[in-house]
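As structure tokens, the structure follows; a few thoughts come after it.
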Amino acid sequence: FSIAASLILNFFGEFIEEKGMKYIRNQIVSRMVDNLLPSATVPSIMNVVNVLGSDLWTITTDPFSSHVLQTTLCLTLKCR
């Protein structure tokens, strides 16, 4: 693995529900997550999907996290 791949795996590995909602609603972090998602592994993407699914109302009404939801949906549809 490259250093970048290790960083991505570590970031999404730590993306737990409690902290995940807080991360996604931050302007800078949501942009970073949005950019890293295409490089993430399928289990990592599913971890993000679980966090997003825990409170869809907040995710869809927040201007930053809604972009992460959009990217995640596009990636999960491509995985099939």
Side-chain angles (χ1 to χ4, degrees):
F1 284 114
S2 67
I3 293 173
S6 296
L7 289 173
I8 291 169
L9 289 174
N10 288 337
F11 177 79
F12 287 109
E14 295 296 320
F15 202 86
I16 59 173
E17 187 171 332
E18 183 180 311
K19 293 180 183 177
M21 288 294 287
K22 184 177 179 180
Y23 291 155
I24 290 178
R25 295 177 69 199
N26 178 283
Q27 180 180 7
I28 295 169
V29 177
S30 67
R31 177 75 157 187
M32 183 180 74
V33 170
D34 198 40
N35 290 332
L36 289 175
L37 274 171
S39 301
T41 63
V42 172
S44 297
I45 293 171
M46 294 311 298
N47 193 13
V48 174
V49 167
N50 289 333
V51 170
L52 293 172
S54 67
D55 189 2
L56 283 175
W57 180 259
T58 301
I59 296 300
T60 56
T61 57
D62 183 74
F64 306 117
S65 59
S66 61
H67 291 286
V68 176
L69 176 63
Q70 180 181 357
T71 301
T72 306
L73 288 172
C74 290
L75 289 172
T76 55
L77 292 173
K78 287 180 184 178
C79 289
R80 292 181 175 229

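Atom set for the values below is all heavy atoms of this structure, side chains included, hydrogens, waters and symmetry mates excluded.
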I need the minimum non-hydrogen distance between V51 and S54, along with the two atoms involved. O-OG, 2.6 Å
Closer than 3.5 angstrom, by distance alone: can the side chain of N35 be matched with the main-chain N or O of R31 as a donor-acceptor pair? yes
Starting at OG1 of T72, measure out to NE2 of H67 and round the result to the nearest 0.5 Å. 12.5 Å
Flag yes if V49 and V68 sit in one hydrophobic cluster, no otherwise; membership is Ile, Leu, Val, Met, Phe, Trp, Tyr, and two members link when side-chain heavy atoms are under 4.5 Å apart. yes
Testing I59, N47, T60, T58 for side chain to side chain contact (heavy atoms under 4.5 Å, CB included) with L52, which one passes? I59
CG of L36 to OG1 of T71: how many Å apart, nearest 0.5 Å? 11.0 Å
Measuring from L69:CG to C74:SG, what's the distance to the nearest 0.5 Å? 9.5 Å
So how far is it from F64 CZ to D34 CG, rounded to the nearest 0.5 Å? 12.5 Å
CG of N26 to CE of M21, rounded to nearest 0.5 Å, is 13.0 Å
